[in-house]
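In what follows, chains carry the letters A, B, and so on, assigned in the order in which the sequence lines appear, proteins first and then strands, with residues in each chain numbered from 1. This one's a predicted model, so the numbers in the text were calculated from it and none came from an experiment. Because only heavy atoms are used, hydrogens play no part in the values below, and waters and symmetry mates are left out as well, while side chains stay in.
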Number of protein chains: 2
Amino acid sequence: MQGQNISDIIERYLKEILADSEEIEIRRSEIADQFDVVPSQINYVIKTRFTIQNGYLVESKRGGGGYIRIEKVKLLDDIDVLDSLIRVIGDSLSERDAISILGSLYEDAVLSKREASILASAIAKSSLNLSDRNLEEQVRAKIMVGILNHLRYE
Amino acid sequence: MQGQNISDIIERYLKEILADSEEIEIRRSEIADQFDVVPSQINYVIKTRFTIQNGYLVESKRGGGGYIRIEKVKLLDDIDVLDSLIRVIGDSLSERDAISILGSLYEDAVLSKREASILASAIAKSSLNLSDRNLEEQVRAKIMVGILNHLRYE
DNA sequence: TCTACTTTGACTAATGTTGACTATTATTAT
DNA sequence: ATAATAATAGTCAACATTAGTCAAAGTAGA
């Protein structure tokens, strides 16, 4: 018996459209009006039901002609590996560990050699160049988690 | 379904012309008349969509016979272009500008679509997730310069 | 009752549009 | 030549139009 509250109903509505098309582009206020809720409820629905873990990418733009676009993406098989890497990284990552992760992603054919080397330059100590060591490792962890999350889908 | 606002439409119009020729020379008031907007809107379109980050150089002249000339350039082919890009980045880079740069590198065939999108997720606001906005943009600038330098010497 | 989930709205942020005013260059009149 | 005028483009700030964030209040199920 799920689907009683308005968030579930909006979710179902959007997912029905996404069953037929790869993506959907909405105007937040229109959907809010349509279901008679405040606009920020649409953000709530998206944040709780259209996550990358569920295979959805969301982009938006503010201002005149603004929109929210939800895209359905194909999740890949290596997700368990990615999840455990994300867990291991936590909130701090040294350059050495980062390079070893990139290396194993290459070994596993998740990344090409070139992709791994470009990413290595992106998270190198010499690029980040932050005076605070802890901060540097925190930032590197976040970048790496962002990359791993991206690798979940095609 | 993208491009509902008039700025996007003018952008698309100009870029269609630039797809065929290296550069385009316009009279500001003519384009403004053509799309029924005030002349300064053309400046807005140029300032937000024809930047060096997007791979365009713009020159203009006022007075009788005045014009605005937009030229398409490749970011990594010309050391002067790369230098001015790096100068414009300075020590702070917004996500929007970063995505523009990655998009330009893709158009120039320096990066594959996949490489560009992985890098986009590495420097995304949602990945970096730093509470301090200035710090976030500083970090992004450093990462991007690191990437550009790597690609230059590759 | 307790807890997690949902709903709401005030405030914030990003982007786009407009027009008054300014700056520059070319042309015309003196 | 020089000065006035015309013909361009540039800047900036006010206003308009969207979406995002956050936390308080409400609700439903164990």
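- Annotation for A:Ala122 and A:Ser127: closest pair O-CB, 3.9 Å, computed over non-hydrogen atoms.
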inquiry  = Strictly under 4.0 angstrom, non-hydrogen atoms only: write out the protein contact profile of nucleotides 19-30 of chain C, one letter per nucleotide from the 5' end, B, S or -.
reply    = B---BBBS----
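- Rounded to an integer number of Å, the gap from CG of B:Asn43 to P of D:dA13 is 15 Å.
- With sequence neighbours excluded, the residues satisfying side chain to side chain donor-acceptor pair (under 3.5 Å) with A:His150 are A:Tyr153, B:Ser117.
- Rounded to a whole Å, the CZ atom of B:Arg133 is 15 Å from the P atom of D:dG20.
- Closest to the side chain of B:Val37, from the set C:dT18, C:dT17, D:dA19, is C:dT18.
- For A:Asp132, the CG atom is densely surrounded, since the number of other residues' heavy atoms within 6.0 Å is greater than 12.
- Checking B:Gln41 against B:Ser7 by side-chain atom types alone, a donor-acceptor pair falls below 3.5 Å.
- The shortest heavy-atom contact between B:Leu93 and B:Ala98 is CD2-CB, 3.8 Å.
- Results of the side chain to side chain contact (heavy atoms under 4.5 Å, CB included) test with B:Val88 over B:Thr51, B:Asp97, B:Ile101, B:Ile52 single out B:Ile52 as the only residue that passes.
- Among the nucleotides C:dT7, C:dT17, C:dA14, the one closest to any side-chain atom of A:Asn5 is C:dT7.
- Between the NZ atom of B:Lys125 and the P atom of C:dT12 there is a distance of 16 Å, rounded to whole Å.
- For B:Arg49 and C:dG16, the shortest distance from a side-chain N or O to OP1 or OP2 is below 4.0 Å.
- At the heavy-atom level, B:Ile42 lies nowhere under 4.0 Å from the strands shown.
- Closest non-hydrogen pair, B:Tyr56 versus B:Ile70, comes out as CD2-CG2, 3.8 Å.
- For B:Tyr106 and B:Glu115, the side-chain atoms include no donor-acceptor pair closer than 3.5 Å.
- In this entry the distance linking CG of A:Asp33 with C1' of D:dT18 reads 13 Å, nearest Å.
- Listed by residue number, B:Arg96 are the residues of residues 91-106 of chain B with a heavy-atom contact under 4.0 Å to DNA chain C.
- Under the side chain to side chain donor-acceptor pair (under 3.5 Å) criterion, the residue pairs touching residues 71-83 of chain A are A:Asp83-A:Arg152, with sequence neighbours excluded.
- In the model, B:Ser100 has no side-chain atom that pairs as donor or acceptor with a side-chain atom of B:Gln53 under 3.5 Å.
- Put simply, OH on B:Tyr44 is 11 Å from C1' on D:dT17, counting in whole angstrom units.
- In this structure, A:Ser84 and A:Val81 approach most closely via the heavy-atom pair OG-O, 3.0 Å.
- Of the residues in residues 21-29 of chain B, those lying under 4.0 Å from DNA chain D by heavy-atom distance are B:Arg27, B:Arg28, B:Ser29.
- As rounded to whole Å, 16 Å separates atom C1' of D:dG10 from atom CD of B:Glu59.
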note = Protein heavy-atom contacts under 4.0 Å, written 5' to 3' over nucleotides 23-30 of chain D as B (base), S (sugar-phosphate only) or - (none), form the string --------
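- Put simply, CZ on A:Arg69 is 17 Å from P on D:dT18, counting in whole angstrom units.
- What you find for A:Ile147 and B:Ser121 is that their closest heavy atoms are CA-OG, 4.1 Å.
- Between B:Asp8 atom CG and C:dT17 atom C1' the separation is 13 Å, expressed in whole Å.
- Contact annotation: A:Ser60 side-chain N/O to D:dT18 OP1/OP2 distance is not under 4.0 Å.
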task = Quick one: do B:Glu59 and B:Arg69 satisfy salt bridge (charged side-chain N to carboxylate O under 4.0 Å, His left out)? Show the steps, please.
result = CA-CA 5 Å; B:Glu59 295 172 88; B:Arg69 180 163 44 224; 3.3 Å; yes
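- For the pair A:Leu119 and A:Leu111, the minimum side-chain heavy-atom distance is below 4.5 Å.
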